[in-house]
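Take a look at the structure set out below.
Scope of the values below: all heavy atoms of this structure, side chains included, with no hydrogens, waters or symmetry mates. All figures in this text were calculated on a predicted structure; none of them were measured in a lab.
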Number of protein chains: 2
Amino acid sequence: MEVPGLERRFRERGLRRTPQRVAVWSDFADHPGSTIREAAARLQRAGIGQATVYRAVRALEEAGLIVRFAAPHEEVRFAAVLDHAHLLVCERCGHVEPLQECGLRAYEAELARRSRFRVRGHTLIVYGLCPECQESP
Amino acid sequence: MEVPGLERRFRERGLRRTPQRVAVWSDFADHPGSTIREAAARLQRAGIGQATVYRAVRALEEAGLIVRFAAPHEEVRFAAVLDHAHLLVCERCGHVEPLQECGLRAYEAELARRSRFRVRGHTLIVYGLCPECQESP
DNA sequence: ATTGATGCAAATAATTTGCACCTTT
DNA sequence: AAAGGTGCAAATTATTTGCATCAAT
């Protein structure tokens with residue numbers, strides 16, 4: 001997968017752009033909301049060892065290239081991000097949709113003022129039932 | 001710990017109010033942002049087996065009495081909730097502060113309309129550095 | 001060339017389960 | 001009394017690590 005900006009982001013962070021890391025990132029981009037285990041299973045078929053997947057996830061997360069999130073009573077899941085991290089997750093089928101704006105910028109600023117935290121970012125997970133899962137019983 | 005409303009919530013959900021479950025809930029209330037492991041270690045001293053802690057966490061989470069969240073490159077953490085789940089997390093020391101209003105109600109409604117999801121709720125984790133951790137190097 | 005990344009297999013840690021016994025409703 | 005919860009220990013599953021080799025800068 002050709003990802004505009006990815007290369008640059010790797011370089012900026014001093015991460016080596018190995019085929020494995022790109023593959024891990026791409027896998028989460030193609031399958032947002034996967035668990036590490038699911039991703040590792042797919043990537044193993046491409047000859048990528050599971051230790052590498054775990055190591056790549058750590059590196060990518062530290063670089064802010066993927067985010068982790070936990071839907072209620074679910075294993076930790078990941079999704080690729082190039083920008084902000086906002087996800088809409090179906091509780092039933094696990095389908096994940098990335099969201100655009102969340103209108104939290106002002107809230108964040110006010111929060112920083114009131115709490116005296118230095119706010120670095122946020123993760124918002126909205127969960128519910130996707131249209132398909134609303135149908136089936 | 002005496003928790004107004006907890007009893008009722010247990011009953012509403014058909015959960016048995018065992019001393020162990022109350023203890024697990026209280027532990028997360030007293031130590032918001034703990035991992036299961038941390039909670040289990042503390043509770044073990046009270047004679048609660050770790051399998052019980054895992055089972056209680058699952059039950060409580062299903063009942064909406066605790067929430068799980070994952071700060072960036074962190075193990076999954078939990079916090080007790082009686083209402084909505086909004087947390088301010090320090091990335092350095094893990095200190096967690098519950099937040100009140102988030103101003104997302106309107107956003108949620110609009111999102112439901114646009115995405116056709118049936119929105120059930122959301123988890124918002126704002127992360128950054130708490131005042132203390134901004135000082136120390 | 002140098003430094004860091006990979007794959008494998010082994011080690012460690014986290015989570016779940018079976019079962020006999022006890023508690024809540 | 002019935003249904004469900006608990007503790008322990010064993011089983012299973014997830015994650016990390018050591019090390020020799022390989023690849024990216």
Protein-nucleotide distance ([X], atom [atom1]; [N], atom [atom2]), rounded to Å:
| X | N | atom1 | atom2 | answer |
| --- | --- | --- | --- | --- |
| A:Leu43 | C:dC8 | CG | P | 13 Å |
| B:Glu38 | C:dA13 | CD | C1' | 15 Å |
| B:Phe10 | C:dT24 | CZ | P | 13 Å |
| A:Leu15 | C:dT3 | CG | C1' | 14 Å |
| A:Glu75 | D:dA14 | CD | C1' | 8 Å |
| B:Arg13 | D:dG4 | CZ | C1' | 19 Å |
| B:Glu61 | C:dT15 | CD | C1' | 14 Å |
| A:Glu7 | D:dA24 | CD | C1' | 12 Å |

[X] side chain vs [Y] backbone, donor-acceptor pair below 3.5 Å:
| X | Y | value |
| --- | --- | --- |
| B:Trp25 | B:Leu65 | yes |
| B:Gln50 | B:Arg37 | no |
| A:Ser115 | A:Leu111 | yes |

Would you compute the distance between atom NE2 of B:His122 and atom CG of A:Leu124 and round it to the nearest 0.5 angstrom? 6.5 Å
Compare the minimum distances between each of [options] and the side chain of [X], then state the nucleotide with the smallest one.
| X | options | result |
| --- | --- | --- |
| B:Tyr54 | D:dC8, D:dT17, C:dT15 | C:dT15 |
| B:Arg55 | C:dT17, D:dA23, C:dT16 | C:dT17 |
| A:Pro19 | D:dT15, D:dA24, C:dC8 | D:dA24 |
| B:Arg16 | D:dA14, D:dC8, D:dG4 | D:dG4 |

Do A:Glu38 and A:His31 have side-chain atoms, one donor and one acceptor, less than 3.5 Å apart? no
Assign each of B:Arg58 and A:Thr52 the nucleotide of DNA chain C bearing its closest heavy atom; nearer the 5' end lies the nucleotide of A:Thr52
Using the closest heavy atom to pick a nucleotide of DNA chain C for each, name whichever of A:Gln44 or B:Thr18 lands nearer the 5' end. A:Gln44
Most 5' of B:Ala46 and A:Ile36 on DNA chain D, judged by nearest nucleotide: B:Ala46
Closer to the 5' end of DNA chain D via nearest nucleotide, is it B:Gln50 or A:Arg17? B:Gln50
Going by modelled atom types, is there a donor-acceptor pair between the base of C:dA5 and the side chain of A:Arg21 at under 3.5 Å? no
